[in-house]
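Report on the structure given below.
Since the structure is predicted, the reported quantities are computational estimates derived from the model, not experimental observations. Worth knowing before you read on, the calculation uses all heavy atoms, side chains too, and leaves out hydrogens, waters and symmetry mates.
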Amino acid sequence: MTRSGRCLCGKVQYEIDGDMPDTVNCHCQFCRRAHGAPYVTVAWIPLDRLRWLAGEEHLRVFGGPAGERAFCSLCGTRMFNRSGDILSLIVATLDEEPERGPTAHLNLESKSRWHEIRDDLPRHASLPPAIERIIQERGGGLTE
């Protein structure tokens with residue numbers, strides 16, 4: 001299966017090969033600041049599953065304490081975080097929504113105090129150990 005996505009202005013376009021992984025809601029301070037929202041929904045995808053269709057030259061990548069963050073330089077859409085060869089893809093950039101909603105809330109240690117979670121999804125203070133281990137094995141630091 002192949003999924004496509006794009007930035008808001010449509011100049012940066014990509015495809016992802018393979019099944020859609022589970023998505024999660026990240027509440028870390030980096031995601032909150034980058035989006036101006038209480039959380040962002042992401043999916044972890046191996047970098048080798050991503051193929052640029054158009055506009056890769058419009059990406060601007062910024063490094064920081066939580067890894068690299070890529071934005072469209074024309075419209076400002078945040079496309080993904082990168083840590084090693086793992087992308088934390090911003091689910092809102094997909095052309096079609098995933099069939100299932102998020103499976104967990106992560107990084108609650110820095111969640112907005114005013115935001116109330118109103119579902120029964122699993123909650124984690126940080127990244128679950130299994131995810132953290134995968135990211136470390138693939139050569140990256142924590143993405144969130």
Side-chain angles (χ1 to χ4, degrees), residues 1-112 114-115 117-119 121-124 126-144:
M1 171 174 249
T2 302
R3 293 186 179 268
S4 61
R6 66 190 68 233
C7 64
L8 182 61
C9 71
K11 299 293 186 187
V12 177
Q13 300 176 23
Y14 65 85
E15 280 185 341
I16 296 172
D17 292 324
D19 293 333
M20 185 68 194
D22 287 341
T23 63
V24 295
N25 292 330
C26 180
H27 295 263
C28 80
Q29 65 181 341
F30 304 110
C31 284
R32 291 188 297 111
R33 285 184 180 159
H35 285 270
Y39 62 89
V40 64
T41 305
V42 299
W44 285 296
I45 305 211
L47 180 60
D48 61 5
R49 288 181 48 196
L50 177 84
R51 182 174 47 261
W52 295 108
L53 301 177
E56 186 176 4
E57 69 276 9
H58 298 303
L59 284 179
R60 293 299 174 262
V61 179
F62 299 92
E68 296 178 336
R69 298 182 183 298
F71 297 81
C72 171
S73 64
L74 302 174
C75 67
T77 299
R78 182 170 161 214
M79 304 297 291
F80 61 82
N81 300 345
R82 179 179 172 197
S83 185
D85 68 353
I86 296 286
L87 294 180
S88 180
L89 180 74
I90 308 305
V91 171
T93 65
L94 289 167
D95 289 333
E96 294 182 27
E97 291 188 18
E99 293 79 25
R100 295 179 300 141
T103 60
H105 293 278
L106 306 181
N107 298 311
L108 296 180
E109 79 281 346
S110 58
K111 178 182 105 32
S112 290
W114 57 265
H115 176 68
I117 298 172
R118 297 178 183 226
D119 60 43
L121 295 176
R123 300 174 187 195
H124 302 276
S126 59
L127 289 178
I131 297 298
E132 192 171 337
R133 190 170 37 257
I134 290 167
I135 292 169
Q136 292 297 328
E137 289 169 0
R138 290 181 167 262
L142 298 180
T143 57
E144 313 296 1

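- Take Arg6 and apply the salt bridge (charged side-chain N to carboxylate O under 4.0 Å, His left out) test, not counting sequence neighbours, and it matches Asp95.
- One finds the CG atom of Leu106 at 8.5 Å from the OG atom of Ser126 (value rounded to the nearest 0.5 Å).
- With sequence neighbours excluded, no residue forms a side chain to side chain donor-acceptor pair (under 3.5 Å) with Ser110.
- Rounding to the nearest 0.5 Å places CG of Leu108 at 9.0 Å from NE2 of His115.
- Here the straight-line distance linking atom CZ of Arg82 with atom CG of Leu50 works out to 10.0 Å at 0.5 Å rounding.
- For residues 14-31, the pairs satisfying salt bridge (charged side-chain N to carboxylate O under 4.0 Å, His left out) are Glu15-Arg51, Asp17-Arg51, Asp22-Arg100, with sequence neighbours left out.
- In terms of the side chain to side chain donor-acceptor pair (under 3.5 Å) criterion, Thr103 has no residue partners (sequence neighbours excluded).
- In terms of the side-chain contact (heavy atoms from CB on, under 4.5 Å) criterion, residue partners of Leu8 (sequence neighbours excluded) are, by chain and number, Cys75, Thr77.
- Of all heavy-atom pairs spanning Val40 and Arg78, the tightest one is CG1-NH1, 4.4 Å.
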In sequence, state the C-alpha distance, the side-chain angles, and the governing distance for Arg123 and Ile117, and then conclude on side-chain contact (heavy atoms from CB on, under 4.5 Å). CA-CA 10 Å; Arg123 300 174 187 195; Ile117 298 172; 3.3 Å; yes
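- With sequence neighbours excluded, no residue forms a side chain to side chain donor-acceptor pair (under 3.5 Å) with Glu97.
- The nearest pair of heavy atoms linking Gly18 to Arg49 is C-NH2, 3.3 Å.
- Residues passing the side chain to side chain donor-acceptor pair (under 3.5 Å) test with Glu99 are Arg3, sequence neighbours excluded.
- Of the N and O atoms on the side chains of Ser112 and Tyr39, not one donor lies less than 3.5 Å from an acceptor on the other residue.
- Once rounded to the nearest 0.5 Å, the distance linking CD1 of Ile16 with OG1 of Thr93 reads 7.0 Å.
- Scanning both residues, Phe71 and Gly76, for their nearest heavy atoms gives CD2-O, 3.5 Å.
- Glu96 CD: 12 or fewer foreign heavy atoms inside a 6.0 Å radius.
- Once rounded to the nearest 0.5 Å, the distance linking CG of Asn25 with SG of Cys31 reads 10.5 Å.
- With sequence neighbours left out, the side-chain contact (heavy atoms from CB on, under 4.5 Å) criterion links Lys11 to Cys9, His58, Leu74.
- With sequence neighbours left out, His35 forms a ring-ring contact (aromatic ring centres under 6.0 Å, His included) with no residue at all.
- Here the CG-SG distance, from Asn107 to Cys26, works out to 4.0 Å after rounding to the nearest 0.5 Å.
- The closest side-chain donor-acceptor pair between His105 and His27 falls under 3.5 angstrom.
- Contact of the Trp44 side chain with the Leu89 side chain is not registered, since no non-hydrogen atoms from C-beta on lie closer than 4.5 Å.
- Sequence neighbours left out, not one pair with a member in residues 25-40 passes salt bridge (charged side-chain N to carboxylate O under 4.0 Å, His left out).
- Contact annotation: the side chain of Asn81 never approaches that of Phe30 to less than 4.5 Å [non-hydrogen atoms, C-beta and beyond].
- When side chains are defined from C-beta on, Val24 does not count as touching Pro102, because their heavy atoms never get closer than 4.5 Å.
- Listed by chain and number, the residues in a side-chain contact (heavy atoms from CB on, under 4.5 Å) with Ala54 are Gln13 (sequence neighbours excluded).
- Not counting sequence neighbours, the partners of Pro98 by the side-chain contact (heavy atoms from CB on, under 4.5 Å) test are Met20, Thr23, Val91, Leu94.
- Taking 4.5 Å as the limit, every side-chain heavy atom of Ile45 sits out of range of all side-chain heavy atoms of Phe80.
- Contact annotation: the side chain of Ile90 approaches that of Val42 to within less than 4.5 Å [non-hydrogen atoms, C-beta and beyond].
- At least one side-chain heavy atom of Met79 sits less than 4.5 Å from a side-chain heavy atom of Val12.
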